[in-house]
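Index from 1, following the sequence. These numbers come from the heavy atoms of this one structure, side chains and all, not from hydrogens, waters or symmetry mates.
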Amino acid sequence: TANAVINQNVRITSLAELSLAEDLIATGEDDPNVTINGSLVVGTTGASDITDAADVARLNAVLDKIKVVMKTVTVTTDEALTAASLQYIQGSLDINAASGSFSAAKLTTVTEAMEINQGGALLMPLLNSVAGNILIQTAGVTVTSVDFSGLTEGAARTAADELALPNATSVKISGVLPLTVNCPLATTFESKSTTAQTTTTITVDGSELFSLGSASFSGQVTITAKGAVTLAGVTTAKVLGITSDAGVDLGGLTALTDSA
């Protein structure tokens with residue numbers, strides 16, 4: 001009988017280790033989700049013999065039963081893996097899936113840093129807290145959309161003080177924007193952070209939606225967009241420069257100390 005708490009590290013990088021994990025974590029519909037009181041390492045690349053579709057399905061069945069991990073999580077995969085119940089990681093999360101994917105749609109908390117190298121849609125809208133920030137590694141992958149819109153602690157970056165997603169058509173994030181934001185194909189760009197926005201230069205398409213949640217710009221903010229720039233919620237700005245092909249709404253602005 002599987003325990004609801006697994007008091008050891010769990011490593012699954014081979015069929016032998018997968019069988020051991022199945023002894024620890026039962027995958028029946030009525031079996032409980034589990035807490036791993038240790039670290040989790042998952043690997044299907046290189047010398048791993050977890051290659052057949054049936055074995056990947058077994059692996060996903062195990063991962064889908066994991067709700068909490070009390071140390072670090074490392075996933076290296078060229079398969080489509082899921083962790084459907086995973087909500088909390090007491091440590092860091094490292095996803096290496098340049099030729100695969102790892103989905104954890106219910107994840108809310110990572111107490112340290114998160115790093116992800118994965119193409120396609122990076123969708124974790126329920127992710128609320130990543131204390132060490134999110135680093136999106138774009139080398140060798142094409143990121144088409146991002147949704148980290150639920151963040152109230154932490155921010156997403158592709159490099160130090162930069163968010164560059166040249167192929168993403170939808171970018172939904174939170175946290176103070178970095179010095180440079182370059183998402184030229186993002187017809188939807190939304191930042192829900194209400195914290196005062198520091199100096200940033202933003203380049204987007206924005207023809208479907210462009211929205212910043214902050215009511216105050218404490219540094220120079222420069223925006224270039226094809227769509228309408230609607231900043232009706234901004235009440236104070238320091239230095240502001242906007243170029244738009246479709247109009248600008250600054251209806252709520254009451255104080256502007258300078259202009260670019």
Side-chain angles (χ1 to χ4, degrees), residues 75 77-82 84 93 95-108 110 114-128 130 133-152 154-194 197 200-214 221-234 241-249:
V75 178
T77 187
D78 48 6
E79 305 288 351
L81 300 185
T82 62
L93 171 60
I95 302 170
N96 304 288
S99 56
S101 64
F102 178 72
S103 172
K106 291 184 179 180
L107 185 63
T108 63
V110 178
M114 171 177 165
E115 186 169 334
I116 181 167
N117 180 224
Q118 177 175 311
L122 309 183
L123 307 178
M124 293 185 181
L126 299 183
L127 190 58
N128 178 261
V130 182
N133 295 324
I134 301 170
L135 178 61
I136 303 171
Q137 294 280 13
T138 57
V141 299
T142 299
V143 177
T144 57
S145 64
V146 169
D147 190 347
F148 296 131
S149 56
L151 282 178
T152 59
R157 302 285 188 266
T158 55
D161 230 352
E162 181 180 24
L163 180 65
L165 298 167
N167 302 109
T169 58
S170 177
V171 178
K172 298 179 180 181
I173 53 175
S174 192
V176 175
L177 298 176
L179 186 64
T180 302
V181 176
N182 186 32
C183 303
L185 299 185
T187 55
T188 294
F189 184 89
E190 181 179 19
S191 173
K192 291 188 175 181
S193 173
T194 57
Q197 178 58 53
T200 186
T201 297
I202 304 169
T203 302
V204 297
D205 180 294
S207 56
E208 293 184 9
L209 174 66
F210 178 85
S211 174
L212 301 182
S214 176
V221 175
T222 303
I223 300 169
T224 302
K226 292 182 179 179
V229 175
T230 302
L231 299 173
V234 177
I242 301 174
T243 301
S244 169
D245 294 344
V248 178
D249 181 358

Engineer: Which atoms form the tightest heavy-atom contact between Met114 and Ile95, and what is the distance?
Structural biologist: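 Smallest interatomic distance, heavy atoms only, reads CE-CD1, 4.5 Å.
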
Engineer: Check for a donor-acceptor pair, side chain of Glu115 on one end and backbone N or O of Gln137 on the other, with a separation under 3.5 Å.
Structural biologist: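 Looks like no, no N/O pair under 3.5 Å.
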
Engineer: Working note: Ile242 + Leu231, criterion side chain to side chain contact (heavy atoms under 4.5 Å, CB included); need CA distance, chi angles, decisive distance, verdict.
Structural biologist: CA-CA 11 Å; Ile242 301 174; Leu231 299 173; 4.0 Å; yes

Engineer: When you measure from the side chain of Thr82 to the backbone of Ala84, do you find a donor-acceptor pair of N or O atoms at a distance under 3.5 Å?
Structural biologist: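 Judged by distance alone, no pair lies under 3.5 Å.
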
Engineer: Show your working on side chain to side chain contact (heavy atoms under 4.5 Å, CB included) between Leu151 and Leu127 and close with a plain yes or no.
Structural biologist: CA-CA 6 Å; Leu151 282 178; Leu127 190 58; 4.2 Å; yes

Engineer: For the residue pair Gln197 and Val221, what are the closest heavy atoms and their distance?
Structural biologist: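 The answer is CG-CG2, 4.1 Å.
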
Engineer: Does the side chain of Ser149 come within less than 4.5 Å of Ser174's, by heavy atoms?
Structural biologist: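 When only atoms from C-beta onward are counted, Ser149 and Ser174 do not touch, as no gap falls below 4.5 Å.
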
Engineer: Please round to the nearest 0.5 Å and tell me the distance separating atom OG of Ser193 and atom CG of Leu177.
Structural biologist: 7.5 Å

Engineer: I need the minimum non-hydrogen distance between Ala228 and Ser244, along with the two atoms involved.
Structural biologist: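 So the two residues come closest at CA-OG, 3.9 Å.
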
Engineer: So which of Thr144, Thr158, Leu122, Leu185 actually passes side-chain contact (heavy atoms from CB on, under 4.5 Å) with Leu165?
Structural biologist: Thr158

Engineer: Ignoring hydrogens, what is the shortest heavy-atom contact between Thr142 and Asn167? Give both atom names and the distance.
Structural biologist: CG2-CB, 3.6 Å

Engineer: For the CG atom of Asp205 and the OG atom of Ser170, what is their distance to the nearest 0.5 Å?
Structural biologist: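 Rounded to the nearest 0.5 Å, the CG-OG separation comes out at 11.5 Å.
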
Engineer: Sequence neighbours left out, what passes side chain to side chain donor-acceptor pair (under 3.5 Å) with Thr243? Give chain and number order.
Structural biologist: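 Testing Thr243 for side chain to side chain donor-acceptor pair (under 3.5 Å), a comparison that skips the adjacent residues, returns none.
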
Engineer: Could you measure the distance from the CG atom of Leu126 to the CG atom of Leu107? Nearest 0.5 Å is fine.
Structural biologist: 9.0 Å

Engineer: Which one of Val181, Ile223, Thr222, Leu179 satisfies the side-chain contact (heavy atoms from CB on, under 4.5 Å) criterion with Thr200?
Structural biologist: Val181

Engineer: Does the side chain of Phe189 come within less than 4.5 Å of Leu212's, by heavy atoms?
Structural biologist: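 A side-chain contact under 4.5 Å exists here.
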
Engineer: Do Ile134 and Ile173 have side chains that approach each other closer than 4.5 Å (heavy atoms only, starting at C-beta)?
Structural biologist: no

Engineer: Which atom names give the shortest non-hydrogen contact between Ser101 and Ala80, and what distance separates them?
Structural biologist: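 For Ser101 versus Ala80, the nearest heavy atoms are OG-CA, 3.4 Å.
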
Engineer: How close do Asp245 and Lys226 get, heavy atom to heavy atom, and via which atoms?
Structural biologist: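 That closest heavy-atom pairing would be CB-O, 3.2 Å.
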
Engineer: Going by atom types only, do Thr108 and Asn128 share a side-chain donor-acceptor pair under 3.5 Å?
Structural biologist: no

Engineer: Quick check: do Lys172 and Thr188 have side-chain heavy atoms less than 4.5 Å from each other?
Structural biologist: yes

Engineer: Looking at CG of Leu93 and CD1 of Ile116, how far apart are the two atoms once the value is rounded to the nearest 0.5 Å?
Structural biologist: 7.5 Å

Engineer: Begin from the C-alpha positions of Val130 and Phe148 and carry the test side chain to side chain contact (heavy atoms under 4.5 Å, CB included) through to its verdict.
Structural biologist: CA-CA 10 Å; Val130 182; Phe148 296 131; over 6 Å; no

